[in-house]
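Structure, as structure tokens:
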Amino acid sequence: MADTDVAKARTAPTGTPPKAGNPVWELMVRNQSIVVPIVALVLAFSIGAFLIRTQGVNPAYAYESLFRAALGTPEGLLRTFQKTTPLILTGLAVSVAFRVGLFNIGAQGQLLCGAMGAAWVGFTMKDLPGIILIPLATVVGVLLGAMWASIAALLKTSRGVHEVISTIMLNAIAIGIMDTLVNYPLQAPGDDIARTPEIGAGAKLPEFGVVPSGFILALILALVSAWVLKRTTTGFKFDTVGKNKHAAGYAGIGIAATTIYAMALSGGLAGLAGVVETLGVVHRYESTSNNGLGFDGVTIALLARANPMGTIPAAFLVGILRSGAAKLQFDTQIQPEIVDLLLAVTLLLVSIPIIAQVIFRKRAASQAALSSGWGA
Amino acid sequence: MSEVLLELDGVTKWFGPVKANTDISMKVNRGEIIALLGENGAGKSTLVKQIFGLITPDSGTITVKGDPTRIKDPRDAIGRGIGMVHQHFQLVPVMTVTENIILGFEPVKGLNLDLDSARTMVVEASDRYGLEVDPDAAIEDLPVGTQQRVEILKALSKKVDLLILDEPTAVLTPQETDELLGVMKALAADGTSIVFITHKLREVLAVADRVYVLRQGRVVGEVATKDTDQAGLATMMVGRAVVLQVDKDEATPADEVLSVRDLVVQDDRKLPAVNGMNLTVRAGEIVGLAGVEGNGQRELVEAIAGMRKVVSGSVHLGTEDVTGKSPHHIHAAGVGHVPEDREKHGLVGGYSIADNLVLNRFDEPEFANRGVRNFGAIDANAEAYVKEFDIRTSGIHATAGSLSGGNKQKVVVAREMSAEPRLLIAAQPTRGVDVGSIEFIHSRIVDARDKGAAVLLVSAELDEILSLSDRIVVVHGGHAVAEMPGAGANRQEIGRLMAGGGH
């Protein structure tokens, strides 16, 4: 009893608000969801700088080489946009599932389904014109991703299987299936590498200067997702199921149907990320590409706190770091894993409400709400 | 005069810009039972939390056994002989009674947990205080009243001079309440002082020696129970004379709206809870379902509302058979339902008041056009009902979770009446609600009837049934055992029927 009471005491509001009246302070309080990730980022980069220094490299030089490679040249910018695009989509996928209280760890498997589906359409019907081929490949990839995610949703609603367990397993199954396909039936004839034939020229997504068309699509989908979640009855159903299942049932919202629908949407978005990778960047299915894009989606959704618009800057951050990592290694011999370390520290600092507690002297309420959904 | 155990002097507590307690002074003598009475939001819980060290006062002093102190935290309070039982129990459901009681203060033998001596300790304490519990039962298997006994035993196991009970009877059945009141008296006779929070005037008069009445964070009255009565206390609480008897005209019942035939429904454990229930409610009448809690009322209501599976029998709304239809369908067919558990079913705590006021109407054409929500209409609806139902809030976009119990219930009642239902089901409509809000909610229920709605009232409070119902149906063991007109119904007779004495 004593322990829980102590915890309660700590969260109890304390007296009059400190520093009230200061406009800068109030602006910060109101925008906590932005201030906290930024502070986390600064701290993470400081810790990273310390580690880089221990390797005998000037941190300023290391960071400069990383950012210059990612943002300083047209090729770098294109690469950064290409890396950011699927991350926005997987970030959206995980965010949408969060809204109904599901933790979709399976974005990776759903993405692989989408990538393979698009590749298969792209190389088997490669003589079709792009105006038919691109939409067809997209629809097939999105549907496959949605179906893969729906398996987890159906297991959840019919048998009560926890979605974290089922999606992790479905990831492993998807990886196995795709590896089998690219090693045997779908392997490019005469190729030693485990990969499919290249997709038809018409299926390749165009680029506008340094901006890939997939990136524009991802931005539009982020806007649409934000609008749907905020302003439509569908978004209201998602949030109600996520926040209070009992009340959702009372209010006449079909909990099973809403859960399956949200998870299918989530899987469709992850599948689309795979489609865009295949049609826009890799131009075939290759088992070494697509690595970890779905898992980065979890990172991005957490940084963005399941807010669709927040996935854009969060995906950019990850995209920039991934885009510049190779050059960082080339210039300084520092392993590119330093980038994962920076992300991991940032994520930890954002997830554990330490910063909000120290700065704002209270727990970030939205964070508590977000994490409470995971156990459901 | 006996020893003064606790004395508060000028205790004041701010929550941001809100003054939750203003200059509160009170005294508790050894062996005395003190009731803290007040409407929701009057500052009762804030006050006891300061005594137990959960929050600290901004000014004023707390003196324990003649020693002016600053109670740092609950551990400190426990060390000074203060124990508290919270409104929401702090027990681990999967652990046994013994394990819960010793949690945090486990006796050890070497490196091992000494469960045997812990068990002996629990049995002894249980005998000494007359709090009967099975030390080996898992908490999750115990009824709420027994869980509360475990909480009390847990508090008492730490040598307590002052026991604080925060709304101890809110979750109890009438029998459990009587048992608890008996235990409180025994503890007081044994020298333990008790401070308890309640809304129920009857309980105050039954056990308390003195009452402090709080209103808007201040003590507005202190009175010995022997010098007052229910009407006197109610007036002090709300600051005006409250009509405990509801003013209503004679009912003019019309067509049958709800008809339940031979209904059988199971409870969560798959045991039959409703056993061949027959019930009709006509337009323009209030039918009160009187019964000890746990006699199938909850399952009946959930089955009518479509939230629980019907095993056999039928539910008709007018001429339409709605047996086994979805909650969405039944709501659309004109049923308003104030659910028994407003926190669990009736509200989404994280949603704004505006969203909660359309919780089950969000997709009606008034509030959504082809799936796009009409926030203008949603806000206008909220403004209107916040005003009409006098919901005390900082604004329609404040979360429902931030409201006091009475105001939460007003949100639910407002929403369910807003669709002008043909049938209004009100399950425990005033549970945990302050006297002012009770009066208001009662008058709205009568209004609904006068506008032609059929009203099914389910309440554990016999007074509520007696003062509102045009017709009373007594349930026992999952079916109706008697029916009588509301006017002139005999309290003792209903009590006998509720207890199963009808056959």
Query raised in the report: With chain A, which of B:Asn360, B:Asp341, B:Asp363 has the greatest number of heavy-atom pairs at distances under 4.5 Å?
Result: B:Asn360

Query raised in the report: Hey, what do you get for CG (B:Asp355) to OG1 (A:Thr240), rounding to the nearest 0.5 Å?
Result: 7.5 Å

Query raised in the report: Do other residues, nucleotides or ligands put more than 12 heavy atoms under 6.0 Å from the CE atom of B:Met95?
Result: yes

Query raised in the report: Got a second to check how far B:His345's NE2 is from A:His246's NE2, nearest 0.5 Å?
Result: 6.0 Å

Query raised in the report: When the ring centroid of A:Phe236 is compared with that of B:Phe367, is the distance short of 6.0 Å?
Result: no

**Report entry** Atom pair CZ/NZ of B:Phe362 and A:Lys237 - distance to nearest 0.5 Å
**Finding:** 5.0 Å

Query raised in the report: Hey, which of B:Leu359, B:Asn369, B:Asn374 has the most heavy atom pairs under 4.5 Å with chain A?
Result: B:Leu359

Query - Option in B:His331, B:Arg361, B:His328 with maximal non-hydrogen atom pairs under 4.5 Å from chain A - result: B:His328

Query raised in the report: Atom NZ of B:Lys344 and atom OH of A:Tyr250: how far apart are they, to the nearest 0.5 Å?
Result: 14.0 Å

Requested in this report: Might you confirm whether atom NZ of B:Lys325 has over 12 heavy atoms from other residues, nucleotides or ligands at distances under 6.0 Å?
Outcome: yes

Query - Inter-residue atom distance A:Thr233.OG1 - B:Arg370.CZ, 0.5 Å rounding - result: 13.0 Å

Query raised in the report: From A:Lys243 NZ over to B:Leu347 CG, what is the distance, rounded to the nearest 0.5 angstrom?
Result: 13.5 Å

Query raised in the report: Side chain, backbone, both or neither: which part of B:His329 has a non-hydrogen atom closer than 4.5 Å to chain A?
Result: neither

Report task. Could you have a look at B:Pro327, B:Gly349, B:Gly371 and say which one has the most heavy-atom pairs with chain A under 4.5 angstrom? Result -> B:Gly371

Query raised in the report: Contact part of B:Arg308 toward chain A, heavy-atom cut-off under 4.5 Å: side chain, backbone, both or neither?
Result: neither

Query - Region of B:Glu343 that comes under 4.5 Å of a non-hydrogen atom in chain A - result: backbone

Query raised in the report: How about A:Asn244 and B:Tyr351: do any of their side-chain heavy atoms sit closer than 4.5 Å?
Result: no

